Amino acid sequence: MLTYIARRLLIFIPVLLGITVINFIIVNMAPGNPVDMYIDPNMSPDIIEAKKEALGLNDPILIQYLKWLGTLLTGDLGYSMSSYAPVAQLVGERIMPTVTLGLAALVLALLIAIPLGILSALKQNTKIDYLVTGLSFIGTSIPNFFLGLALIYIFAVNLGVLPTGGMQKLGGDGGMWDRIAHMILPAIVLATAIAGRKVRYVRASMLDVLKQDYLRTARSKGVHEFWVTNKHALRNALLPVITVVGLEIPLLLGGAIITEQIFQWPGIGQLTLQSMMSRDYPTIMALNLIAAIAVLGANLLTDILYSAADPRIKVS
Amino acid sequence: MNDLLEVDGIQTVFRTERGEVTSVDGVSFRLKAGETLGIVGESGCGKSVTSLSIMRLLGKNGSIRRGEIRLNGRSITGLAESAMRQIRGSEVSMIFQDPMTSLNPVFTIGSQLIESISLHLKLKNKEARLHAIDMLRKVGISRPEEIMDEYPHKLSGGMRQRVMIAIALSCKPKLLIADEPTTALDVTIQAQILDLMKKLREETGTAIMLITHDLGVVAEMADRVIVMYAGQIVEEADVFTLFDKPLHPYTTGLMGSIPHLDADEEETLASIPGTVPPLQQMPSGCRFHTRCPLAGEKCMSESPPLLELAEGHYVRCWAAQGHMELSPTESSSMELSLPQTKGAMT
């Protein structure tokens, strides 16, 4: 198991190198550069040119990449070209809010999707089933900017029970409950879409398992129908769900750009949008690197979890 | 001796998209303690549904519409689901056709064994585990302690069926229902499993209801045999009488379709033409008449009753009951009546 993980981690290195090369080229192909975005247009061209030279923007792209890679290998993510703050610090401040929100949304989504999926499968082709699959369709297809604004309108503006945005109340620490109150609406928005997708998976997987002979064996032993469903069937039905939940993790860690923007959530998603607007190359590259690591890490985690949950699968 | 199981005229129906179908129609039989009853017939004749009716594991769409099932004199047809759960796995237990799919792949052998032991025998964890190991040893599994912690996919089909038997017998049931227990196994393993079942039957005195389409298995195991066709019992006799003097043409047909090593090379293997009629389109009269070599006109219109022709030998056939010579007379009388009608018309 450990050698398997070590081997997978070694494979990460060339994959990550490839990803950064491609990202670097694409980011540089976008029109404009950090200097154009932030410098006063009345400034003399000489000074602009000198600034570009100082930031290394006039070097050939290969040299720029190697320079960036060189500093990365010393463990340094460089400095932001718009705020001049260290990128590591910028990103570091944003990671925890995104991870917290993402985890909350994922847990909430599974708490909704798993029971509803089971219910839907048990009541296949009844009104309850149609209602659940209908809701899952709505949950999947409703745009999160719309749902976000609608929830803000209802709960923050009209009812005034929840804050409109941010991570805590202005000017200070309102304690844990204040943070939770701020998290409720963005977590619901993110969870709605995830739950909408997962209900279908749980339902389909459960329907498949409900036909299996081993459930008849369990019933013939005198096991209560509740445990036949929630122990014997569910444990099997959740195996394929592990994979699709694993695929959600990088999406959440990469930052929910639109949701974070609507709720002014100070996370990775918001930073991504800001750094792209200002063509802040070092920050964009760092965020890309994090997203790539999140994808690879989540895949590895999925494989490990799968082999832990299903005795028939052994990683080697 | 008292009858352990009395099945009295049960009719089991299933709701389907195309209306209700009757899968088992008026089946009655008795089973004494320690006796082995074989139930034979083709696929779809209702033999599995009969056994699932006793366990009341008919699913959402199936139900027993008529008749009564008594276990030790107590009627279990009207019992609540919670009371049925007490019976399943403890008084009556079951093993199934395909051991490869009958065990849950994500739980260890031990946990699947202990589940029913702690449910019915109310043993503590440690005692339940010891009992489970003991059961595995009884069904001929070497290294039972290690097998307890293995998952089903590590075991062969024969081993898994042994585990199924261990689970089924772990709470000392009075009746074991074995639904095609050897059909999915290799021939050599089949013999081992049958030997094991015989040995355990002698040790525990459990009555066995053996459902199979293999007459060889019946000859090997059963005391008495029921032959089923299209949801009904067509013949019932003790095993020697049945093989010696089969009375129903369907039984004769089943026996004729067994290959023999000493048969003439030229001789083709007999087969029963046609298939079991679909449940929605049962033929009128005798249900077998569409495939029966002896069928006469009476068979097409009137359903034969199940009558006891010799002691303990029941058969549902007009020909065997000696009514067939009636049909020529009947048809000739019909011919005679025809001119008269014509005459009356002109």
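Chain A is the first sequence line, chain B the second, and so forth, proteins listed ahead of strands; every chain is numbered from 1. As the structure is a computational prediction, the values presented were derived from the model and not from experiment.
Heavy-atom proximity under 4.5 angstrom to chain B picks out A:D213, A:Y214, A:R216, A:T217, A:R219, A:S220, A:K221, A:G222 from residues 211-222 of chain A. Residues from residues 122-141 of chain A that place a non-hydrogen atom less than 4.5 Å from a non-hydrogen atom of chain B comprise A:L122, given in numerical order. Within residues 158-169 of chain B, the residues having any heavy atom less than 4.5 Å from a heavy atom of chain A are, in residue-number order, B:M164, B:I167. Contacts between residues 117-149 of chain B and chain A, defined by a heavy-atom separation under 4.5 Å, are made by B:L119, B:H120.
Both the backbone and the side chain of B:Q112 have a heavy atom closer than 4.5 Å to some heavy atom of chain A. For a residue to count as touching a neighbouring chain, one of its non-hydrogen atoms must lie under 4.5 Å from one of that chain's; by this rule B:M94 touches chain A with backbone and side chain alike. Heavy-atom distances place no part of B:K154 under 4.5 Å from chain A, backbone and side chain included.
For the set B:F96, B:Y151, B:F107, the entry with the most heavy-atom pairs within less than 4.5 Å of chain A is B:F96. Ranked by heavy-atom pairs under 4.5 Å with chain A, the list B:N104, B:I87, B:V92, B:T101 is led by B:N104. For chain A, the option among B:S102, B:S90, B:G89 with the highest count of heavy-atom pairs below 4.5 Å is B:S102.
B:E115 has its side chain within reach of A:K231: a pair of non-hydrogen atoms, C-beta onward, lies under 4.5 Å apart.
Contact between A:P311 and B:P105 at its shortest, heavy atoms only, is CG-O, 3.3 Å.
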